[in-house]
Amino acid sequence: MTTADPRSLLYRQLSPEDAQALTRETLARCDDGELYLQFIASETFAFDDGRLKTADYSRDAGFGLRGLSGEMTGFAHANEISAAAIRRAGETLQLLDPAKGQAAPPPRQNNRHLYTDASPLDLVPFADKVKLLEAIDAAARARDSRVVQVTASLAASWSVVEIVRADGFVAHDVRPLVRLNVGIVAEHNGRRETGSFGIGGRRLYDDLFQPETWNRAIDTALAQALVNLESVAAPAGECQVLLGSGWPGVLLHEAVGHGLEGDFNRKGTSAFSGRIGERVGAAGVTVVDDGTLLGVSGQGRRGSLSVDDEGTPTQETVLIEDGILKGYMQDRLNARLMGVAATGNGRRENYAHAPMPRMTNTFMKAGNDDPGELLGRMKDGIYAKSFGGGQVDIVSGKFVFSCTEAYKVENGKLGAPIKGATLIGDGPTVLTKVIGIGNDLELDEGVGVCGKGGQSVPAGVGQPTLLVSGLTVGGTG
């Protein structure tokens, strides 16, 4: 599948010159828009209950044609990249009112490459992928007699995209993505509990096949399951909460991040609308979105992109600085209508979807506090080390998050693990209640998936250890 010129996978029935001519023709009445071409191949392997349950492989290609006129958007797509199909899609754009303003300028050109062009699907034989999952299953079961169920999965995709604009601008990107997940169920005295761990990013499979990587996945998942076997019912009520570093940043992503996306703020439906320059968080709270981050392998993190899905280079965007709201994440449409610059956050799930402002890697920067000292400050509360699912209301910022690993804190020390804890609050208020920011910033391991408007995209989260003066904890204790 990997070819000397990945673009050839897009131009089998169409030449690049034809694509540019058709884009000029179909977007002639618009003040912005693009032809988005995509080829994508993906695979998923799942090992469950001691056997291979899933071995899926798919490939797809198509285009999305979008035209913008003022605030109006016309969009059509097809899974056939041909001149005839693009012209048919262009008929949809005739329903738009002709643009009255000056055409929007193109994004700036970018030669940065954050990840390899090679396809992870091609470089490891099928049999080796199955053997890896078999090895994980066997090793996990051998770790502890209490392990009764193991689920291991391996997934990868390889996407070739090209963004063609009517003004002659063309952007090209080749995007790998890999992920390994391990889930373990442990049982003792008739009680069953689960633990999980995942790792991935925009790179090849290489490090996922290293024993130290997949053994760490097993150890982490097993440790979580065994801790939960000892858990007691979570207390209920308001208390101090210590949020762990790394993946707990998913709370920040949901409770604060979505509210800082440009579309909600342009429409005035976010809790942060119209508040640029105001204090929205405690001193020391700095939140950024950065689509340029590299992982430990030197390849792109899961949420990173060389260019976004409109061709704008990604960047670090400071959203909140020392508690003051500085800006929003912007795609081209909302940036133009708000009179600001696009920030490289125009993202789409695939060619069948129009882009919208979305997060890339969103995290809070480190502070100066020692995490152990933050724990020592607490007389009574909980330590939330890991989270599962959550829900948030963008307008109010109210959220509910479930903890997958959490502990009581008593007199500055970790107590018993607790089960069934949910954190309830609202994003803007939580930011003002931060009373300690650790010096231990961590980003997640590369498994985040962000949903918005029916579209899912890979995303990264992160934060240092955070001490929050008060959050409502829902529990059964």
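None of the values given here were measured: they were computed from a predicted structure.
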Drop me the distance from [X]'s [atom1] to [Y]'s [atom2], to the nearest 0.5 angstrom.
{"X": "E445", "Y": "T220", "atom1": "CD", "atom2": "OG1", "answer": "7.5 Å"}
{"X": "L293", "Y": "R202", "atom1": "CG", "atom2": "CZ", "answer": "12.5 Å"}
{"X": "E310", "Y": "N345", "atom1": "CD", "atom2": "CG", "answer": "9.5 Å"}
{"X": "E187", "Y": "L229", "atom1": "CD", "atom2": "CG", "answer": "9.0 Å"}
{"X": "C403", "Y": "L251", "atom1": "SG", "atom2": "CG", "answer": "9.0 Å"}
{"X": "R59", "Y": "L9", "atom1": "CZ", "atom2": "CG", "answer": "7.0 Å"}

Is it the case that the side chain of [X] and the backbone of [Y] share a donor-acceptor pair, with hydrogens and angles ignored and the cut-off at 3.5 Å?
{"X": "R302", "Y": "G448", "result": "yes"}
{"X": "Q455", "Y": "E349", "result": "yes"}
{"X": "W214", "Y": "I136", "result": "no"}
{"X": "D444", "Y": "V461", "result": "yes"}
{"X": "K53", "Y": "T151", "result": "no"}
{"X": "D369", "Y": "N439", "result": "no"}
{"X": "D440", "Y": "T465", "result": "yes"}
{"X": "S270", "Y": "G259", "result": "yes"}

Test [X] against every option in [options] by the side chain to side chain contact (heavy atoms under 4.5 Å, CB included) rule and name the one that passes.
{"X": "L423", "options": "V400, V468, L471", "result": "L471"}
{"X": "V285", "options": "L466, T432, L431", "result": "L431"}
{"X": "T404", "options": "Q224, E193, K385", "result": "Q224"}

Does [X] reach the side chain of [Y], with side-chain heavy atoms less than 4.5 Å apart?
{"X": "V392", "Y": "F401", "result": "no"}
{"X": "F39", "Y": "D60", "result": "no"}
{"X": "P458", "Y": "R179", "result": "no"}
{"X": "L294", "Y": "Q299", "result": "no"}
{"X": "L319", "Y": "T317", "result": "yes"}
{"X": "I382", "Y": "V409", "result": "no"}
{"X": "L154", "Y": "L133", "result": "yes"}
{"X": "M359", "Y": "L260", "result": "no"}

(request) May I have the step-by-step check of side chain to side chain donor-acceptor pair (under 3.5 Å) for R146 and N189, ending in yes or no? (result) CA-CA 10 Å; R146 290 168 288 183; N189 292 335; over 6 Å; no

(request) Name all residues meeting the side-chain contact (heavy atoms from CB on, under 4.5 Å) criterion together with V227; count only those two or more places apart in sequence or in a different chain, and write none if there are none. (result)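 With neighbours one apart ignored, the set is E405, Y407, P417.
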
(request) Could you pull out all residues at least two apart from A217 that satisfy side-chain contact (heavy atoms from CB on, under 4.5 Å)? (result)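 Per chain and number, A217 pairs via side-chain contact (heavy atoms from CB on, under 4.5 Å) with V182, F197.
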
What I want to find out is whether [X] reaches [Y] closely enough, with some N-O distance under 4.0 Å, to be called a salt bridge.
{"X": "E410", "Y": "K379", "result": "no"}
{"X": "D426", "Y": "K398", "result": "no"}
{"X": "D263", "Y": "K452", "result": "yes"}
{"X": "R347", "Y": "D331", "result": "no"}

(request) Show your reasoning for whether side-chain contact (heavy atoms from CB on, under 4.5 Å) applies to V340 and Q330. (result) CA-CA 8 Å; V340 296; Q330 300 285 6; 3.6 Å; yes

Verify the distance criterion only: is there a donor paired with an acceptor across the side chains of [X] and [Y] at less than 3.5 Å?
{"X": "Q38", "Y": "S159", "answer": "yes"}
{"X": "N361", "Y": "S304", "answer": "yes"}
{"X": "R191", "Y": "N228", "answer": "no"}
{"X": "T292", "Y": "T314", "answer": "no"}
{"X": "N334", "Y": "Y328", "answer": "no"}

Quick one: closest heavy-atom pair of [X] and [Y], and the distance?
{"X": "A335", "Y": "A342", "value": "CB-N, 3.6 Å"}
{"X": "L204", "Y": "D207", "value": "O-OD1, 4.0 Å"}
{"X": "L441", "Y": "A366", "value": "CB-CB, 3.8 Å"}
{"X": "G311", "Y": "I163", "value": "N-CD1, 3.8 Å"}
{"X": "Q149", "Y": "D49", "value": "NE2-N, 3.0 Å"}
{"X": "A384", "Y": "A406", "value": "CA-CB, 4.2 Å"}

(request) Answer with yes or no after comparing the ring centroid distance for H353 and H77 against a 6.0 Å cut-off, counting only values under it. (result)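 No.
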
(request) Compute the ring centroids of F126 and F45, then answer whether they are less than 6.0 Å apart. (result)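 Between F45 and F126, which both carry aromatic rings, the centre distance is below 6.0 Å.
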
(request) Could you walk me through whether Y115 and D173 pass the side-chain contact (heavy atoms from CB on, under 4.5 Å) test, one step at a time? (result) CA-CA 10 Å; Y115 26 77; D173 202 14; 2.6 Å; yes

(request) Going by the salt bridge (Lys or Arg N to Asp or Glu O under 4.0 Å) test, name the single residue among D308, D309, D117 that passes it with R175. (result)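 The passing option is D309.
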
(request) Run through E316, E321, E442 and flag the one making a salt bridge (Lys or Arg N to Asp or Glu O under 4.0 Å) with K365. (result)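 Answer after filtering E316, E321, E442: E316.
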
(request) Assess R348 against Y36: is NZ or CZ under 6.0 Å from the centre of the six-membered ring, and within 45 degrees of the ring's axis? (result)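 Yes, a cation-pi geometry holds between R348 and Y36.
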
(request) Test side-chain contact (heavy atoms from CB on, under 4.5 Å) on T312 and R332 and set out the steps. (result) CA-CA 8 Å; T312 305; R332 288 179 58 86; 4.1 Å; yes

(request) Check the surroundings of atom CG in D56: do more than 12 heavy atoms from other residues, nucleotides or ligands lie under 6.0 Å from it? (result)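 Enclosed: over 12 neighbouring heavy atoms sit under 6.0 Å from CG of D56.
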
(request) Start with the C-alpha distance between F272 and L325, add both sets of side-chain angles, then the distance that settles side-chain contact (heavy atoms from CB on, under 4.5 Å), and finish with yes or no. (result) CA-CA 8 Å; F272 295 99; L325 182 61; 4.2 Å; yes

(request) Under the side chain to side chain donor-acceptor pair (under 3.5 Å) rule, what do S42 and S58 come out as? Steps first, then yes or no, please. (result) CA-CA 5 Å; S42 60; S58 66; 2.9 Å; yes

(request) Let me see the working for D289 and T362 under side chain to side chain donor-acceptor pair (under 3.5 Å), right down to the final yes or no. (result) CA-CA 4 Å; D289 182 87; T362 310; 2.7 Å; yes

